[in-house]
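Proteins come first, then strands; the chains are lettered A, B, ... in the order of their sequence lines, and each starts at number 1. Here the structure is a predicted model, which is why all the values come from computation and not from measurement.
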Amino acid sequence: MDPFARDVFAIVRAVPAGRVTTYGAIAEAIGQPRGARRVGWVLNKSFRVLPPVPAHRVVNRLGLLSGAVHFPEDHSMAALLAAEGVVTEGGRIVDFEAAFWHPVNELRE
DNA sequence: CATCTGACCTAGT
DNA sequence: AACTAGGCCAGAT
């Protein structure tokens, strides 16, 4: 599998429930600070991979649910987040700063 | 085969 | 502060 995609999946799976991260932060953690756009592309394929990838915990840097349209109606991005305690309003995360989880800071071992 | 298009972001003007 | 341009690169047209 594409190593880039593999890294993206690994990082997204590491995001704790109730927290969120961003495309740019993931790209940065991988070592490609300008590759944010690719991260989004990889997440498109993430629906059919196993184990499942919690792609709903990834938003853009403004806290907007820019990928919400790609989720099925019965499991909307906002609903999945709400089930984990992340409050959204009008397609945007309330108190985004507090919910933000930065892979570079949190994932270091 | 050549463009166009994104679940984006930064840097320059 | 608003705006543009550029980088990223696989799929779709």
Side-chain angles (χ1 to χ4, degrees):
Chain A
M1 166 176 287
D2 181 11
F4 185 93
R6 192 192 59 230
D7 290 346
V8 170
F9 294 152
I11 290 173
V12 175
R13 290 193 187 108
V15 179
R19 307 291 299 280
V20 296
T21 191
T22 70
Y23 305 96
I26 292 169
E28 182 187 354
I30 291 175
Q32 299 211 2
R34 305 284 142 65
R37 202 169 192 176
R38 263 188 96 189
V39 175
W41 175 82
V42 165
L43 287 178
N44 269 334
K45 300 200 324 185
S46 73
F47 287 105
R48 42 183 170 179
V49 308
L50 291 174
V53 177
H56 56 282
R57 294 180 193 148
V58 185
V59 299
N60 75 2
R61 87 161 173 155
L62 302 174
L64 296 169
L65 308 189
S66 47
V69 292
H70 299 276
F71 285 78
E73 289 184 8
D74 51 338
H75 291 71
S76 78
M77 197 169 178
L80 290 169
L81 286 171
E84 298 179 350
V86 178
V87 182
T88 64
E89 182 179 317
R92 178 166 155 222
I93 293 179
V94 177
D95 205 356
F96 172 61
E97 292 271 323
F100 181 57
W101 184 88
H102 203 298
V104 173
N105 296 336
E106 312 282 352
L107 199 57
R108 185 169 358 193
E109 293 172 333

Under the salt bridge (Lys or Arg N to Asp or Glu O under 4.0 Å) test, residues paired with A:D2 that sit two or more places apart: A:R38
Rounded to whole Å, the CZ-P distance (A:R61 to B:dA11) equals 10 Å
Rounded off to whole Å, could you give me the CD1-to-C1' distance for the A:I11 and B:dA7 pair? 16 Å
Side-chain donor-acceptor pairs under 3.5 Å in residues 76-87 of chain A, sequence neighbours left out?
unit_1	atom_1	unit_2	atom_2	d
A:S76	OG	A:A79	N	3.1
A:E84	OE1	A:R57	NE	3.0
A:E84	OE2	A:H56	NE2	3.0
A:E84	OE2	A:R57	NE	3.4
A:E84	OE2	A:R57	NH2	2.8

Using atom CG of A:N44 as one end and atom C1' of B:dT5 as the other, report the distance to the nearest whole Å. 12 Å
Decide yes or no for A:V12 and A:V58: does some side-chain heavy atom of the first lie under 4.5 Å from some side-chain heavy atom of the second? yes
Rounding to the closest angstrom, what is the interatomic distance between B:dG12 and C:dC8 at atom P? 15 Å
Under 4.0 Å protein heavy-atom contact, by nucleotide of nucleotides 7-13 of chain C - B base, S sugar-phosphate only: BBSSS--
Under 4.0 Å, counting only non-hydrogen atoms across every strand here, what does A:F4 touch: a base, just sugar-phosphate, or nothing? nothing
Inter-nucleotide P distance (B:dT10, C:dA10), Å rounded: 22 Å
List in numerical order all residues of residues 64-74 of chain A for which some heavy atom is under 4.0 Å away from an atom belonging to DNA chain B. A:S66, A:G67, A:H70, A:F71
Indicate if A:F96 and A:L65 have the same hydrophobic cluster label, given that clusters are the connected sets of ILVMFWY residues with side-chain heavy-atom separations under 4.5 angstrom. yes
With rounding to the closest Å, how many angstrom separate the C1' atoms on C:dT4 and B:dA7? 23 Å
Non-neighbouring partners of A:F4 that pass ring-ring contact (aromatic ring centres under 6.0 Å, His included), sequence neighbours left out: none
Report the distance from atom NE2 of A:H102 to atom OG1 of A:T22, rounding to the nearest 0.5 Å. 6.5 Å
Using the C1' atom on both, measure C:dA12 against B:dC1 and round to a whole Å. 14 Å
Test of understanding: clusters of I, L, V, M, F, W, Y form through side-chain heavy atoms closer than 4.5 Å, transitively. Do A:I30 and A:W41 belong to the same one? yes
Using a heavy-atom cut-off of under 4.0 Å over every strand shown, decide if A:N60 touches base, sugar-phosphate, or nothing. sugar-phosphate
Rounded distance in Å between the P positions of B:dC4 and C:dA5: 15 Å
Can you name the residues that form a ring-ring contact (aromatic ring centres under 6.0 Å, His included) with A:F47, not counting sequence neighbours? A:F71
Treating Ile, Leu, Val, Met, Phe, Trp and Tyr as nodes and any side-chain heavy-atom pair under 4.5 angstrom as an edge, say whether A:V8 and A:I11 lie in one connected cluster. yes
